[in-house]
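In the text below, chain A, chain B and the rest are named by the order of the sequence lines, each starting its count at 1.
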Amino acid sequence: MSAAQATADATGRPTIQVYNSLTRSKAPLEPVTPGHVGIYLCGPTVYDKAHIGHMVGPVIFDTIKRYLTYCGYQVTWVVNVTDVDDKLIKRSAERGISMSQLAEEMTQDYLDNLAGMGVDGIDHMPKATESMDAIIAFTAGLIDKGFAYEVEGDVFFDVAKDPQYGKLTNRSVDELQGEGGGAAAKKRSAADFALWKAAKQGEPAWESPWGAGRPGWHIECSAMSKLLLGETFDIHGGGLDLVFPHHENEVAQSECLHGAPMAKVWMHNGLLRASAAAGKVGGRAEREAGEAGDQGAADDAGADIAAATAQKMSRSKGAGGLADQIAKFGGEKIRFCLLRTHYRSTVLFGEEALEESGTGLETFYRFFKRFERVTGGSFYELAPATTRAAGAFDAGDDALLATVADCRQRFLAAMDDDFNTGSAIGDLFELVRTLNKFVDQENLEGAGKSDAAKLATLTQGATTLRELAGILGLFRAPVDAGGGASDELVGKLMELFIELRTAARKNKDFAMADKIRDDLANLGVTLEDRPDGTDWTIG
RNA sequence: GGCGCCGUAGGCAAGUGGCUAAGCCAGCGGAUUGCAAAUCCGCCAUCAUCGGUUCGAAUCCGAUCGGCGCCUCCA
């Protein structure tokens with residue numbers, strides 16, 4: 001990797017700096033094929049319901065794909081589903097269903113949650129069980145080249161044959177413990193890892209040159225990324241917790257087989273931490289806390305108990321399943337909350353953080369209503385530019401548009417710098433404030449309402465806001481008002497109350513007017529008096 | 001023990017060598033309002049500590065204190 005040279009490519013695409021875990025530095029994104037970007041994100045092992053932590057990667061990469069597409073790249077985004085694994089076997093046995101049934105159920109849960117979070121840019125979701133040929137061929141290739149060996153139906157990667165092993169996480173082979181279990185004795189080195197596992201009686205199995213068995217954990221990603229993106233692709237992503245051993249093993253496998261780099265850039269997102277407690281959500285800290293509370297658990301049974309306790313504890317903290325959280329808070333609020341912090345940082349996640357995100361979002365929602373009041377058109381029906389080139393505009397000598405253009409410029413600069421969504425959101429707030437100020441100053445809700453030129457200017461500003469927010473996957477559709485606001489009777493009753501109160505105000509009977517407003521406030525209904533009438537909201 | 005990350009206002013969080021240290025939440029003052037709400041304006045940080053490099057550091061280096069991750073399954 002040579003020094004960063006900030007030059008746009010020949011087609012005028014902007015230079016985007018990306019932090020590479022492999023080099024621990026930022027460098028300009030230079031795709032293998034100019035104009036195309038292939039992204040592989042490690043998806044879930046579908047043995048249990050998704051929790052919020054599983055959404056961090058999808059949300060940030062969904063945003064990255066939107067941004068790259070906006071910038072003129074053609075993006076192919078792959079997220080795998082690992083649907084065969086020891087944990088699936090164990091869990092399905094416990095539940096008395098087949099592994100594929102379990103996988104199907106949990107995959108559906110995952111897909112539902114992705115939809116709830118507004119993640120819709122995934123191009124391929126390959127499943128390990130549907131990629132067996134590729135996995136077996138990959139494994140066989142490694143044996144042929146001498147990087148792997150077979151022992152009684154198991155196949156292991158021979159770490160000693162790869163001088164580069166450990167380069168991603170700066171580890172030396174002899175310091176590694178390696179995976180334990182019954183297979184440990186068969187391995188040449190403790191750090192060797194399974195590419196293929198011989199099936200025990202009753203376990204799901206696929207035929208292979210080494211007998212009936214199933215893939216090890218890491219091989220499916222190497223095989224499927226090769227299948228869909230090629231031997232060398234542009235970006236490989238995943239949570240920070242996957243760097244070792246998962247990604248370390250992936251690079252080893254792929255680069256030994258291909259003799260070429262696996263990914264040009266490795267991107268790792270930070271992990272979530274529960275804001276109310278120590279430790280990442282669903283992580284080891286919770287498990288250990290669980291074990292501590294479950295004192296006396298035998299060591300070898302610890303993992304089972306710990307996993308169960310971690311779940312229970314999450315629920316008892318009000319975290320619940322992700323689906324419940326999306327239902328309770330709304331996907332947009334969660335997405336906004338995740339995007340407020342840079343993707344490489346640890347995100348504090350909890351109800352307080354979500355509430356605060358909600359308060360911030362209200363500023364935008366209120367502006368959208370205001371925009372509709374002023375222009376008569378819906379913010380959500382504005383048709384913004386879908387490309388960076390098309391979104392650029394000449395502000396002329398218009399002060400408002402000059403400020404809008406400035407916000408847009410800063411937003412894009414932030415995104416160009418390793419997808420700094422936190423900074424970009426700050427620019428969005430400045431933009432909405434600028435637009436509000438404009439409405440205030442030009443009195444567009446009052447006397448200025450008929451000034452078509454001003455309304456057009458405001459509309460252009462709002463369109464830019466929509467353009468930029470759309471990159472983050474925000475404000476793409478109206479959020480449900482919720483809380484029964486759509487109830488027809490409630491609407492009629494509110495009309496009645498407002499009418500009575502308006503009459504009271506006309507008669508200067510402010511005691512009565514305030515009583516109505518205060519009593520409604522106690523019921524959770526807020527009234528807002530405006531020159532042209534009274535608005536009400538629930539919540 | 002090994003590898004790595006982080007410590008910016010009451011809370012959250014941008015900023016990684018140089019204009020007045022983004023933005024959000026909370027608070028305070030003001031405009032507006034019959035009063036509110038909403039909106040707008042203003043106020044609120046010298047960047048964990050110490051030392052060093054530099055004309056100049058939150059930003060680089062070292063030490064110390066504190067928090068965290070990985071080294072075993074984990075997004």
Side-chain angles (χ1 to χ4, degrees), chain A residues 21 24 26 41-45 47-48 50-60 79 85-87 166 169-172 175-181 191 217 237-246 248 268-273 275 278-285 287 303 306-307 310 336-337 340-342 344-348 352-353 355-363 366-367 369-370 410 414 417 420-430 432-441 445 505 508-511 513-514 517-518 521 526-531 534-537:
Chain A
S21 300
R24 282 177 215 97
K26 282 184 209 170
L41 174 69
C42 284
T45 299
Y47 73 104
D48 202 348
H51 62 76
I52 182 66
H54 294 275
M55 292 296 119
V56 180
V59 166
I60 181 65
V79 179
D85 159 276
D86 292 358
K87 290 195 292 289
T169 47
N170 194 18
R171 269 160 234 252
S172 65
E175 284 168 354
L176 298 173
Q177 301 290 314
E179 49 185 354
W217 175 33
L240 213 42
D241 53 347
L242 290 184
V243 186
F244 191 92
H246 189 54
E248 193 72 79
H268 291 100
N269 59 265
L271 306 179
L272 254 33
R273 288 185 61 196
S275 53
K280 64 187 180 184
V281 176
R284 187 208 253 166
R287 293 182 192 179
F336 183 77
C337 187
R340 284 204 319 168
T341 306
H342 185 87
R344 277 192 282 119
S345 304
T346 302
V347 179
L348 248 35
E352 313 93 284
E355 302 288 356
E356 208 178 296
S357 296
T359 310
L361 281 174
E362 286 298 332
T363 300
R366 275 194 231 97
F367 171 74
K369 282 196 201 166
R370 194 180 198 193
R410 288 205 306 272
D417 184 11
N420 193 336
T421 55
S423 184
I425 284 175
D427 298 319
L428 249 32
F429 274 105
E430 295 215 25
V432 77
R433 190 181 65 218
T434 300
L435 298 178
N436 266 321
K437 194 195 294 190
F438 184 72
V439 175
D440 281 357
Q441 285 174 346
E445 290 197 88
R505 290 175 70 209
K508 306 271 187 208
D509 182 0
F510 296 121
D514 290 349
R517 187 174 61 201
D518 292 346
T526 308
L527 296 187
E528 297 181 26
D529 295 328
R530 296 209 173 73
T534 298
D535 232 25
W536 62 276
T537 47

Participant: Enter the distance from Trp536(A):CH2 to Glu528(A):CD here, rounded to the nearest 0.5 Å.
Facilitator: 12.5 Å
Participant: For rA13(B), does OP1 or OP2 lie under 4.0 Å from any side-chain N or O of Thr421(A)?
Facilitator: no
Participant: Of all the choices, rC25(B), rC71(B), rG23(B), which nucleotide is nearest to the side chain of Glu430(A) once you look at every atom?
Facilitator: rG23(B)
Participant: Separation of Leu242(A) atom CG from rG69(B) atom P, in whole Å?
Facilitator: 16 Å
Participant: Quick test: give all pairs of protein nitrogen or oxygen and nucleotides 35-40 of chain B nitrogen or oxygen below 3.5 Å, distance rounded to 0.1 Å.
Facilitator:
unit_1, atom_1, unit_2, atom_2, d
rC35(B), O2, Arg517(A), NH2, 2.4
rC35(B), N3, Arg517(A), NH1, 2.8
rC35(B), N3, Arg517(A), NH2, 3.1
rC35(B), N4, Asp529(A), OD2, 3.2
rA36(B), N6, Asp529(A), O, 3.0
rA36(B), N1, Asp529(A), N, 2.9
rA36(B), N3, Arg517(A), NH1, 2.9
rA38(B), O3', Arg366(A), NH1, 3.0
rU39(B), OP1, Arg366(A), NH1, 2.7
rU39(B), O3', Asn436(A), ND2, 3.4
rU39(B), O2', Arg370(A), NH1, 3.4
rU39(B), O2', Asp440(A), OD1, 3.3
rU39(B), O2', Asp440(A), OD2, 2.6
rC40(B), O4', Asp440(A), OD2, 2.9

Participant: Of all the heavy-atom pairs spanning Thr341(A) and Thr421(A), show the shortest one and how long it is.
Facilitator: O-OG1, 3.8 Å
Participant: Could you grab the distance from atom NE2 of His342(A) to atom CD1 of Ile60(A), nearest 0.5 Å is fine?
Facilitator: 7.0 Å
Participant: Nearest nucleotide by nearest heavy atom, which residue falls closer to the 5' end of RNA chain B, Ala513(A) or Arg171(A)?
Facilitator: Ala513(A)
Participant: Have a look at Ser345(A) and say if it touches a base, only the backbone sugar-phosphate, or nothing, with a 4.0 Å heavy-atom cut-off.
Facilitator: sugar-phosphate
Participant: Let's test your reading of the pairing rules: Watson-Crick or G-U wobble, both distances under 3.5 Å, then write RNA chain B as a dot-bracket string with ( ), [ ], | and dots.
Facilitator: ((((((((.[[[..)..(....]]].(((((.......)))))....[[[[[..)....]]]]])))))))....
Participant: So which heavy atom on Thr169(A) is nearest to which on Arg24(A), and how close?
Facilitator: C-NH2, 4.4 Å
Participant: Nearest whole Å is fine: how far is rA75(B) C1' from His268(A) NE2?
Facilitator: 11 Å
Participant: Answer yes or no: is there an ion pair linking Asp535(A) with Lys369(A), defined by an N-O contact shorter than 4.0 Å?
Facilitator: no
Participant: Taking atom C1' in both rC73(B) and rG67(B), what distance in whole Å separates the two?
Facilitator: 25 Å
Participant: Figure out the CG/P separation between Leu240(A) and rC3(B), and round it to whole Å.
Facilitator: 17 Å
Participant: Could you measure the distance from the OG atom of Ser21(A) to the CG atom of Leu242(A)? Nearest 0.5 Å is fine.
Facilitator: 11.0 Å
Participant: Could you give the distance from CG (Leu272(A)) to CD1 (Ile52(A)), rounded to the nearest 0.5 Å?
Facilitator: 6.0 Å
Participant: Would you measure the distance from the C1' atom in rA57(B) across to the matching atom in rC50(B) and give it in whole Å?
Facilitator: 15 Å
Participant: Show the distances under 3.5 angstrom between N or O atoms of the protein and N or O atoms of nucleotides 8-11 of chain B.
Facilitator:
unit_1, atom_1, unit_2, atom_2, d
rG11(B), N2, Glu356(A), OE2, 2.6

Participant: Grab the CG-C1' distance between Asp427(A) and rG23(B) for me, whole Å please.
Facilitator: 8 Å
Participant: With rounding to the closest Å, how many angstrom separate the P atoms on rG27(B) and rG15(B)?
Facilitator: 28 Å
Participant: Whole Å only: how far is the CD atom of Glu248(A) from the P atom of rC73(B)?
Facilitator: 14 Å
Participant: On a heavy-atom basis, which atom in Ala353(A) and which in Leu348(A) lie closest, and how many Å separate them?
Facilitator: CB-O, 3.7 Å
Participant: Taking the C1' atom in each of rU32(B) and rG23(B), what is the distance between them to the nearest angstrom?
Facilitator: 25 Å
Participant: Ignoring hydrogens, what is the shortest heavy-atom contact between Asn269(A) and Gly57(A)? Give both atom names and the distance.
Facilitator: OD1-CA, 3.7 Å
Participant: Please measure how far the C1' atom in rA14(B) lies from the corresponding atom in rG52(B), and state the result in whole Å.
Facilitator: 28 Å
Participant: Which is true for Phe510(A) with a 4.0 Å heavy-atom rule: it touches a base, it touches only sugar-phosphate, or it touches nothing?
Facilitator: base
Participant: Any base atoms under 4.0 Å from Gly57(A), or only sugar-phosphate, or nothing? Heavy atoms, all strands.
Facilitator: nothing
Participant: Please check this pair: side chain of Thr359(A) against backbone of Glu355(A), looking for a donor-acceptor N/O pair closer than 3.5 Å.
Facilitator: yes
Participant: For His246(A), report the nucleic acid contact type (base, sugar-phosphate, nothing); a contact means any heavy atom under 4.0 Å.
Facilitator: nothing
Participant: Decide yes or no for Thr534(A) and Asp529(A): does some side-chain heavy atom of the first lie under 4.5 Å from some side-chain heavy atom of the second?
Facilitator: yes
Participant: In whole Å, what separates the P atom of rA21(B) from that of rC61(B)?
Facilitator: 24 Å
Participant: Determine the Euclidean distance between corresponding C1' atoms of rA58(B) and rC41(B); express it in Å to zero decimal places.
Facilitator: 29 Å
Participant: For Tyr47(A) and Asp85(A), run side-chain contact (heavy atoms from CB on, under 4.5 Å): C-alpha distance rounded to whole Å, both residues' side-chain angles, the deciding distance at 0.1 Å, then the answer.
Facilitator: CA-CA 9 Å; Tyr47(A) 73 104; Asp85(A) 159 276; 5.5 Å; no
Participant: Please give the distance between the P atoms of rA45(B) and rG51(B) as a whole number of Å.
Facilitator: 24 Å
Participant: Over how many whole Å does the gap from Leu271(A) atom CG to rC73(B) atom P extend?
Facilitator: 16 Å
Participant: Roughly, in whole Å, what's the span from CG in Asp535(A) to C1' in rU33(B)?
Facilitator: 16 Å
Participant: Check the distance between rC70(B)'s P and Asn269(A)'s CG and give it to me in whole angstrom.
Facilitator: 13 Å
Participant: Once you round to the nearest 0.5 Å, how far does CZ of Arg517(A) lie from CZ of Phe510(A)?
Facilitator: 10.0 Å
Participant: Could you check if a side-chain atom of Leu271(A) sits within less than 4.5 angstrom of a side-chain atom of Asp241(A), using non-hydrogen atoms only?
Facilitator: yes
Participant: Closest-nucleotide mapping onto RNA chain B: is Thr346(A) or Met55(A) further toward the 5' terminus? I mean the 5' end.
Facilitator: Thr346(A)
Participant: Taking only nitrogen or oxygen atoms into account, show me every contact under 3.5 Å that the protein makes with nucleotides 4-6 of chain B, one pair per line with its distance.
Facilitator:
unit_1, atom_1, unit_2, atom_2, d
rG4(B), OP1, Asn170(A), ND2, 3.2

Participant: Under 4.0 angstrom, heavy atoms only, what part of the nucleic acid is Gly43(A) near: base, sugar-phosphate, or nothing?
Facilitator: sugar-phosphate
Participant: Where do N or O atoms of nucleotides 58-60 of chain B meet protein N or O atoms at under 3.5 Å, pair by pair?
Facilitator:
none

Participant: Rounded to the nearest 0.5 Å, how far apart are CG of Leu435(A) and CG of Asp440(A)?
Facilitator: 11.0 Å
Participant: If every non-hydrogen atom of Arg344(A) is compared with every non-hydrogen atom of His268(A), which pair is closest and at what distance?
Facilitator: CG-O, 3.5 Å
Participant: Any carboxylate oxygen within less than 4.0 angstrom of a Lys/Arg side-chain nitrogen, looking at Asp48(A) and Lys87(A)?
Facilitator: no
Participant: With Arg366(A), which residues qualify under side-chain hydrogen bond (donor to acceptor under 3.5 Å, both in side chains), at least two apart?
Facilitator: none
